[in-house]
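Structure first, then comments.
In the text below, chain A, chain B and the rest are named by the order of the sequence lines, each starting its count at 1. As a basis for the values below, the full set of heavy atoms in this structure was taken, side chains included, without hydrogen atoms, waters or symmetry mates.
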There are 2 protein chains.
Amino acid sequence: MHFTNDELIEYLRKNNIRPSNIRLKVLKYLLENRNHPTVEDIYHHIIHEIPTLSRTSIYNTVNLFKDRGIVNELSLNEKELRYDINTRLHGHFKCESCGNIYDFQVAENIGDGLKGFVVYKKDINFYGICINCQ
Amino acid sequence: MHFTNDELIEYLRKNNIRPSNIRLKVLKYLLENRNHPTVEDIYHHIIHEIPTLSRTSIYNTVNLFKDRGIVNELSLNEKELRYDINTRLHGHFKCESCGNIYDFQVAENIGDGLKGFVVYKKDINFYGICINCQ
DNA sequence: TAATAAAATTGTAACCATTACAATTTTAAA
DNA sequence: TTTAAAATTGTAATGGTTACAATTTTATTA
């Protein structure tokens with residue numbers, strides 16, 4: 001999947017995020033890879049294009065994206081947090097053997113028992129051994 | 001709910017955990033309160049009964065309980081981890097207003113799409129505003 | 001265009017829950 | 001009692017993330 005600069009700028013503007021060089025590159029990476037990267041992953045990918053890049057800028061960027069609702073922060077019982085550009089409801093499976101993270105479908109009515117509760121974030125994370133590691 | 005010492009000892013022995021004073025007190029606290037406490041919560045509750053108690057002992061104990069499968073570790077996007085003596089499948093709802101953590105039912109067949117995957121941990125955590133804080 | 005303000009970026013230091021580890025104490029076994 | 005094993009303790013280290021001030025870049029206005 002490939003996104004033009006104009007598409008990336010539009011994506012950010014629609015979500016009330018001023019486009020900047022760093023933000024466009026982070027967004028592009030998230031959209032074109034969709035690999036639930038850590039801050040370190042993102043940093044290493046972009047440092048080659050922006051040699052003065054600071055890790056703090058990546059932290060600032062993903063936190064801004066999170067506040068604006070265009071990424072979800074994943075806490076998968078690892079040391080580092082991960083970021084997911086896919087904000088539609090889905091589950092994550094982490095293979096403890098190969099480390100891969102798989103998306104899986106989840107019924108929309110999960111948690112419907114919470115009547116009267118306002119839910120604005122749903123984390124569904126499974127752990128185990130994936131089919132390729134058996 | 002109240003547990004006798006003999007019941008607590010039996011509970012640990014059945015799960016291959018040598019009973020000790022600290023372990024019995026931690027287990028008793030988890031069973032009788034069921035409030036998803038942090039290490040700090042547990043420590044503060046027991047320090048009155050064991051003045052020489054060390055935080056490390058609480059860390060050791062909850063990690064041992066986790067390894068033996070009698071508690072689940074909850075990562076609810078807080079600084080601290082929490083521990084839940086109820087290891088049956090259920091979801092957690094964290095109210096961002098009052099901080100309360102609610103259990104809720106979850107269909108047993110959630111994640112059945114993961115055919116061929118061995119799942120040994122299921123985390124289902126929701127965040128929002130509870131019915132009492134609206 | 002220049003001057004000014006606002007926003008973005010950077011780098012360092014601090015934070016702090018958790019773990020590592022060695023020393024001490026307690027418990028169990030012989 | 002002796003000895004070994006296990007449990008507990010206290011301190012130091014870890015390391016991802018945040019705080020914050022300084023610098024740079026971008027946008028606005030005269």
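Straight-line distance from the NZ atom of A:K66 to the P atom of D:dT17: 10 Å, rounded to whole Å. Residue B:L64 contributes atom CG, which lies 12 Å from atom C1' of D:dA6 at whole-angstrom precision. At whole-Å resolution of the value, CD in A:E80 and P in D:dG16 are 5 Å apart. Nucleotide C:dT18 holds its C1' atom 16 Å from the CZ atom of B:R82, rounded to whole Å. Spacing between atom NZ of B:K79 and atom P of C:dA17 amounts to 5 Å, rounded to whole angstrom units. The CD-P distance, from A:E78 to C:dT18, rounds to 17 Å in whole Å. Atom P of nucleotide C:dC16 and atom CG of B:L81 are separated by 16 Å, given to the nearest angstrom. In this structure, CG of B:N60 is placed 14 Å from C1' of C:dT25, rounded to the nearest angstrom.
Between A:Y59 and D:dT17, a side-chain N or O to OP1/OP2 separation shorter than 4.0 Å is present.
No hydrogens or angles considered: a donor-acceptor pair under 3.5 Å links the side chains of B:T38 and B:D41. A donor and an acceptor atom, one from each side chain of B:N33 and B:H45, are nowhere located under 3.5 Å apart.
Residue B:N63 is in sugar-phosphate contact alone, with no base atom involved, counting any heavy-atom pair closer than 4.0 Å across all strands shown.
Contact between A:N77 and B:S75 at its shortest, heavy atoms only, is OD1-CB, 3.9 Å.
For the segment residues 26-56 of chain B, residues with any heavy atom less than 4.0 angstrom from an atom of DNA chain D are, sorted by number, B:T52, B:L53, B:S54, B:T56. Against DNA chain D, the stretch residues 10-24 of chain B makes heavy-atom approaches under 4.0 Å through B:R18, B:S20, B:I22, B:R23.
Annotation: side chain of B:D123 is not in contact with side chain of A:D123 (no heavy-atom distance under 4.5 Å). Counting heavy atoms from C-beta outward, B:N35 and B:Y29 have side chains that approach closer than 4.5 Å.
Each of B:L81 and A:L81 belongs to its own hydrophobic cluster when Ile, Leu, Val, Met, Phe, Trp and Tyr are linked at side-chain heavy-atom distances under 4.5 angstrom. Side-chain heavy atoms closer than 4.5 Å link hydrophobic residues (I, L, V, M, F, W, Y) into clusters, and following such links, possibly through other members, connects B:L24 to B:L64.
Here CD1 of B:I70 is found 9.0 Å from OG1 of B:T87. Values are rounded to the nearest 0.5 Å.
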Next on the checklist: For a side chain to side chain contact (heavy atoms under 4.5 Å, CB included) check, start with the C-alpha distance between A:H36 and A:D103, then their side-chain angles and the critical distance, and finish with the verdict.
Outcome noted: CA-CA 10 Å; A:H36 320 92; A:D103 291 347; 3.0 Å; yes
